[in-house]
Amino acid sequence: MFRRREPVPFAFVAEADRFRSNVTPPPRESLSKTQIAARSLVGLTVVAGLVGSLLFGMPALRPSEAPAKSQQSEASEGR
């Protein structure tokens, strides 16, 4: 009938599941059009930055082909 609970180091954690509040939080305020536009603009800026860094970074990540001619300095050609 009664379950034994494991000891919890903090008493308030053990009592938290028994506590039920009869106070409801206030309703959330709806966002204005300006706030929605600002959040959308910030989101689009972040996405555009990620896409741009991916587009500019992809060529640097590709393995380069080996050069056809070996690189030697001009000073070593006369030897």
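- If you chain together ILVMFWY residues whose side-chain heavy atoms come under 4.5 Å of each other, Leu61 ends up grouped with Leu54, Met58.
- Taking Ser40 as the reference, Ile36 meet the side chain to side chain contact (heavy atoms under 4.5 Å, CB included) condition, with sequence neighbours excluded.
- Distance OG1/Thr45 to CG/Leu50: 11.0 Å, rounded to 0.5 Å.
- Checked against side chain to side chain contact (heavy atoms under 4.5 Å, CB included), Val47 has the following partners two or more places apart in sequence or in another chain: Val51.
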